[in-house]
Structure formats: C-alpha cells, structure tokens
Amino acid sequence: MLGTRAENQSYPYDVGHHEPGSVAATGRCSWHGWDGRTVESCSTEAVVSFQDRQGHWHSGCAEALTELVERGEVEPLGQGA
C-alpha cells in the first residue's frame, strides 16, 4: 500500500460523532460484526472514530484500526491531511 492514500481520516474516539444509543456511543467498537463476520460483536473499548465510504460514523478498537489502516480504508491516527 505504499504511495496510496487512505479513503478517510481517523480521529481519536469521540462520542460526539456517534448516534445516541448506538454501540459506538457507548464507547465500544462498532466496526467488528457489522458486516456479518463472526466476531461476536466486539466489546473492546473504542479508540478511534472514523467514517466509512458512505459517510457513516463508526467506532473501532485498536485491532479494527490496525485492520483498516492495513487495508487502506483509513489514515493512521494523527496522519490526516
């Protein structure tokens, strides 16, 4: 992925980005399990807030952030434009 720019910036987790009552608003990772993967609704603490390609906000644990950065979907924390 060298030389390619990720789709979206990532931000330190901020409850203000997320819908009240959502998994993300509770401070847990909303990324794992949303796409039908069998991750048993990750309950790990959220460390990042980011938007997907459709502009929807998600929260992610450290593992989700690593996965998304490796896939080029989000910038590493603090690496945005």
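Position 1 is the first residue of the sequence, and the numbers go up from there.
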Just by distance, do the side chain of Ser10 and the backbone of Phe50 share a donor-acceptor pair under 3.5 Å?
->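 Looks like no, no N/O pair under 3.5 Å.
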
Pairwise distance [atom1]([X]) to [atom2]([Y]) - rounded to 0.5 angstrom:
| X | Y | atom1 | atom2 | result |
| --- | --- | --- | --- | --- |
| His56 | Gln51 | NE2 | CD | 9.5 Å |
| Trp31 | Asp52 | CH2 | CG | 6.5 Å |
| Leu65 | Glu70 | CG | CD | 9.5 Å |

Check: residues 19-26 side-chain donor-acceptor pairs under 3.5 Å, at least two apart:
residue : atom : partner : partner atom : Å
Ser22   : OG   : Glu19   : O            : 2.7
Ser22   : OG   : Ala25   : N            : 3.1
Thr26   : OG1  : Val23   : O            : 2.6

What pair of heavy atoms forms the shortest contact from Leu77 to Val47, and how long is it?
->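 Heavy atoms of Leu77 and Val47 come nearest at CD1-O, 4.1 Å.
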
Are Tyr13 and Trp57 co-members of a hydrophobic cluster defined by side-chain heavy atoms under 4.5 Å apart?
->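 No.
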
Residues which pass side-chain contact (heavy atoms from CB on, under 4.5 Å) with Glu63, listed by chain and number, not counting sequence neighbours |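 Glu63 satisfies side-chain contact (heavy atoms from CB on, under 4.5 Å) with His32, Cys61, Glu67 only.
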
Of His17, His58, Gln9, His18, which is the lone residue that meets side-chain hydrogen bond (donor to acceptor under 3.5 Å, both in side chains) with Ser49?
->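 Exactly one option meets the side-chain hydrogen bond (donor to acceptor under 3.5 Å, both in side chains) with Ser49, and it is His18.
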
